[in-house]
Every structure is written in structure tokens, then in C-alpha cells.
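For reference, the structure is listed below as C-alpha cells.
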Amino acid sequence: MVFYLLVSAVVLCMLMSIKALFSPLDEGMQKISLSHFIWLAFLYGTICIGFALLYLLLEMRDMSVILDNGIRLTGDFFLMLETSIYFSTMTMFSVGYGDLTPIGIGRMIATVQAFVGYVLPAAFFVRTVIEFDHVSKR
């Protein structure tokens, strides 16, 4: 019972923190619009899934692009899809955990994806500032 209360409290705190992003700063002024947040989430999701499918398609063509703890990916389609999505997400949002390693052409693809993952927040910020500036000049 205590476990579920603690989990609920943690989830509630996280949700309240995210909600604070959308609370108005001043009257008529919002920190981040919900539509921008949803747009960014879909953009990240689309890019992660797209790169994951690239990794998966190359693996299915017997072009090893990801090693799992030093061993080539094996298993059924869904296990390889899950691993590709995990690798893509870790590459996009961080430098990874180290359990999966790109090899061959996978290194170049992962490099491009990591670059996109680092540039995207800056591009989103610039776009938001330009849009805010445009709206405030009206």
C-alpha cells in the first residue's frame, strides 16, 4: 500500500511540474503553449521511429549496424524492432547507456541522429522566441 502511495506521489509531482510549463506568466502570456509541446513531442517521436526503422531495415538486410553487448542482434522481428527503437531513443536523447553499440554504417547514422538530437532543442527555442517576438510586436 505504501509503495503505491509513493509511486502516485512521484507521478503527481512529475505531472504538476509539467503542468507548470503551461501556466501563464503574466495575464495573457503563457510560458509554453500546449500545441508547441505536442508538436515537439510528435517531432521527436517521428524522428526516433524513423531512425529506428532505418536501423531495423539495415539489420534485416544482414548489414549489422548495432551490437548488443558486443553480439550481433538476433531474435524475431519484434525483438529487433524493440531494440532498434531503444537504441534510436538513447541516441537521440543522450549518448546512450553503452549496452548497444553502432558499427559500420550504423556509426554514421547514429552520428547524424545524435546531431539532430542536440540541434533540435536549439531550433525549437529559436522558433519559439521568433514566434513570441512576432506576436508581441502585433
Side-chain angles (χ1 to χ4, degrees):
M1 181 68 171
V2 173
F3 171 77
Y4 294 111
L5 285 173
L6 289 174
V7 168
S8 299
V10 169
V11 170
L12 180 66
C13 287
M14 289 189 304
L15 290 174
M16 294 304 288
S17 296
I18 291 171
K19 181 183 175 270
L21 282 172
F22 307 108
S23 300
L25 289 169
D26 294 326
E27 192 162 321
M29 196 171 162
Q30 207 168 2
K31 290 182 185 178
I32 297 176
S33 71
L34 182 60
S35 63
H36 280 111
F37 187 75
I38 292 171
W39 174 81
L40 187 63
F42 276 112
L43 179 63
Y44 267 108
T46 302
I47 292 172
C48 282
I49 290 170
F51 275 101
L53 292 175
L54 283 176
Y55 298 127
L56 178 65
L57 290 171
L58 290 170
E59 284 290 338
M60 292 177 68
R61 288 281 291 188
D62 289 327
M63 297 175 68
S64 188
V65 292
I66 302 172
L67 295 179
D68 187 1
N69 291 315
I71 301 169
R72 186 165 186 223
L73 287 184
T74 56
D76 65 351
F77 173 81
F78 292 106
L79 180 62
M80 291 176 70
L81 175 64
E82 175 189 336
T83 303
S84 297
I85 290 172
Y86 169 76
F87 177 74
S88 177
T89 305
M90 289 301 104
T91 302
M92 189 77 168
F93 292 112
S94 69
V95 294
Y97 286 123
D99 54 344
L100 298 174
T101 310
I103 60 170
I105 191 69
R107 288 181 176 178
M108 283 308 291
I109 297 170
T111 301
V112 169
Q113 184 178 10
F115 178 75
V116 169
Y118 283 109
V119 170
L120 206 56
F124 177 72
F125 178 76
V126 168
R127 177 187 166 142
T128 303
V129 168
I130 289 171
E131 186 175 305
F132 178 75
D133 188 46
H134 180 54
V135 169
S136 67
K137 285 182 180 179
R138 284 191 215 175

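Side chains are part of it too, since the values below use all heavy atoms of this structure and drop only hydrogens, waters and symmetry mates.
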Side chains of Leu54 and Phe51: closer than 4.5 Å at any heavy-atom pair?
yes

Using the test ring pair (Phe, Tyr, Trp, His ring centres under 6.0 Å), find all partners of Tyr44 that sit at least two apart in sequence or belong to another chain.
Phe93

Nearest atoms (heavy-atom pairs only) where Cys48 meets Thr89
SG-CA, 4.1 Å

Identify every side-chain donor-acceptor pair in residues 72-81 under 3.5 Å, counting partners at least two apart or on other chains, and give the distances.
unit_1: Arg72; atom_1: NH2; unit_2: Asp62; atom_2: O; d: 3.4
unit_1: Asp76; atom_1: OD1; unit_2: Leu79; atom_2: N; d: 3.0

To the nearest 0.5 Å, how far apart are CG in Leu58 and CG in Leu53?
11.0 Å

Mind checking whether Met92 and Val116 have side chains closer than 4.5 Å, heavy atoms only?
yes

Inter- and intrachain pairs under side-chain hydrogen bond (donor to acceptor under 3.5 Å, both in side chains), touching residues 91-105, at least two apart:
Tyr86-Asp99

Does Met90 share a hydrophobic cluster with Val65, counting links as ILVMFWY side-chain heavy atoms below 4.5 Å and allowing steps through other members?
yes

Examine Leu40 and Ile47 and state if one hydrophobic cluster contains both, with Ile, Leu, Val, Met, Phe, Trp and Tyr joined whenever side-chain heavy atoms are less than 4.5 Å apart.
yes

With a 3.5 Å distance limit and no angle check, can you tell me whether Glu59 reaches the backbone of Ile66 through a side-chain donor-acceptor pair?
yes

Ser84 backbone acceptor or donor facing Ser88 side chain under 3.5 Å:
no

Nearest-0.5 Å distance, CD1 of residue Ile105 to CE of residue Met63
7.0 Å

Linking I/L/V/M/F/W/Y whenever their side-chain heavy atoms sit closer than 4.5 Å, directly or via other members, would Tyr4 and Val11 fall into one cluster?
yes

Does one hydrophobic cluster hold both Ile71 and Leu100, with members joined at side-chain heavy-atom distances below 4.5 Å?
no

Go through Gln113 and Tyr55 one step at a time and tell me if the side chain to side chain donor-acceptor pair (under 3.5 Å) criterion holds.
CA-CA 11 Å; Gln113 184 178 10; Tyr55 298 127; 2.9 Å; yes

Roughly how far, to the nearest 0.5 Å, is OG1 of Thr83 from CG of Leu56?
9.5 Å

Could you state the interatomic distance from CG (Leu67) to CZ (Phe87), rounded to the nearest 0.5 Å?
9.5 Å

Ile109 reachable from Leu120 in the ILVMFWY side-chain graph, under 4.5 Å edges
yes

The reported gap from CG in Leu5 to CZ in Phe3 (rounded to nearest 0.5 angstrom) is 11.0 Å

